[in-house]
Amino acid sequence: MGDDVARPAGGRQPAAPMSSGQIARRVRILRAASELGAREGLASVQMHDVAKEAGVAIATLYRYFPSKPYLFMAVLEWHIEQYLGGHENGQENLAADDEGTDAAAGIADLLITLSVKLLDSPLLASAVALSSFTEYTSVVPARTDLVDSALGQAILRLLGGGVREASETDRSRARLLVYGWWGLFVAMLTEELSTAEAETTMRLAARLLLTP
């Protein structure tokens, strides 16, 4: 029998990998889920197949990822982290000028390019989008503030301040930008907006939020 789309987590928190071996297993799981999701889409991916592809026991898979939607939300975060690593290695962090225009342009560029990169694999993009909706209506592990995600922290760095020292105003701005980006990403995925329309909207949102 196939896996349910969402396996109840019962409030159980996922295990955090500690050793290098555990971290490597977690990455193998994320890579396997990415490849299967890109080929087959969310509905056709079974957790047993992910475990087999990753070379781990099914119990190990569920220890780190209590449900399939939770797994694919982790896949999204992993892909964002991979993208941000390359992005930040290739350019200097932008500091906001007095009007906030440099930061607005840099953040808009980051978010637009990220969307296009994720949409290079439509089935996987659809899998993470569907998982986000399923996860938020299921019993899942505790969630963290989006500002504390890899993307939220990257935006705070582009605002020119330290992540830990960020003001509540900057944290609110970063949170709004992440939510705005996600909405535009889904609109691009469902073809409600073209890439050009989403880019124009993202640039406007960043400018309005970041210009005094």
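Values below: every heavy atom of this structure, side chains too, minus hydrogens, waters and symmetry copies.
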Heavy-atom nearest pair, Ala104 first then Ala206, reads O-CB, 3.6 Å
Taking every non-hydrogen atom, the tightest pair across Arg28 and Ala54 | NE-O, 2.9 Å
State the CG-CD distance between Leu193 and Glu199, to the nearest 0.5 angstrom.
-> 12.5 Å
Would you name the heavy atoms of Ala32 and Val50 that are closest together and state the gap between them?
-> CB-O, 3.9 Å
Arg203 side chain to Ala108 backbone, donor-acceptor under 3.5 Å | no
Would you check if the side chain of Ser126 reaches a backbone N or O of Pro122 as a donor-acceptor pair within less than 3.5 Å?
-> no
Looking only at non-hydrogen atoms, find the nearest pair between Ser131 and Met73 and report the distance.
-> C-SD, 4.1 Å
Could you go through the side chain to side chain contact (heavy atoms under 4.5 Å, CB included) check for Tyr83 and Thr113 one step at a time?
-> CA-CA 10 Å; Tyr83 167 75; Thr113 307; 3.2 Å; yes
Do Gln22 and Thr60 have side chains that get closer than 4.5 Å, going by heavy atoms?
-> no
To the nearest 0.5 Å, atom CG of Leu158 lies from atom CG of Leu110 at 6.0 Å
Donor-acceptor pair, Glu53 side chain versus Ala33 backbone, under 3.5 Å?
-> no
Mind checking the CG-CD1 spacing from Leu151 to Ile155? Nearest 0.5 Å is all I need.
-> 4.5 Å
Determine the sole option in Leu76, Val128, Leu124 for which the side chain to side chain contact (heavy atoms under 4.5 Å, CB included) test with Leu118 is passed.
-> Leu76
Quick one: pull up CG in Leu42 and CG in Leu71 and give me the separation to the nearest 0.5 Å.
-> 9.5 Å
Checking Arg175 side chain against Val147 main chain: does a donor-acceptor pair fall under 3.5 Å?
-> no
Between Met47 and Phe65, what is the shortest heavy-atom contact and its length?
-> CE-O, 3.8 Å
Any chance you could lay out the side chain to side chain contact (heavy atoms under 4.5 Å, CB included) test for Glu81 and Leu84, step after step, and finish with the verdict?
-> CA-CA 5 Å; Glu81 289 170 357; Leu84 291 175; 5.7 Å; no
So CG of Leu184 and OG1 of Thr195: to nearest 0.5 Å the spacing works out to 11.0 Å
Residue pairs fulfilling ring-ring contact (aromatic ring centres under 6.0 Å, His included) with at least one residue in residues 182-212, sequence neighbours excluded = Trp181-Phe185, Trp182-Phe185
Donor-acceptor pair, Lys117 side chain versus His79 backbone, under 3.5 Å?
-> no
Which pair of non-hydrogen atoms, one from Leu156 and one from Asp170, has the smallest distance, and what is that distance?
-> CD2-O, 3.6 Å
Please determine if Asp49 and Lys52 form a salt bridge, counting it only when a charged side-chain N lies under 4.0 Å from a carboxylate O.
-> no
At what distance, to the nearest 0.5 angstrom, does CG of Leu123 lie from CG of Leu36?
-> 12.0 Å
Set of residues satisfying ring-ring contact (aromatic ring centres under 6.0 Å, His included) with respect to Trp78, sequence neighbours excluded | none
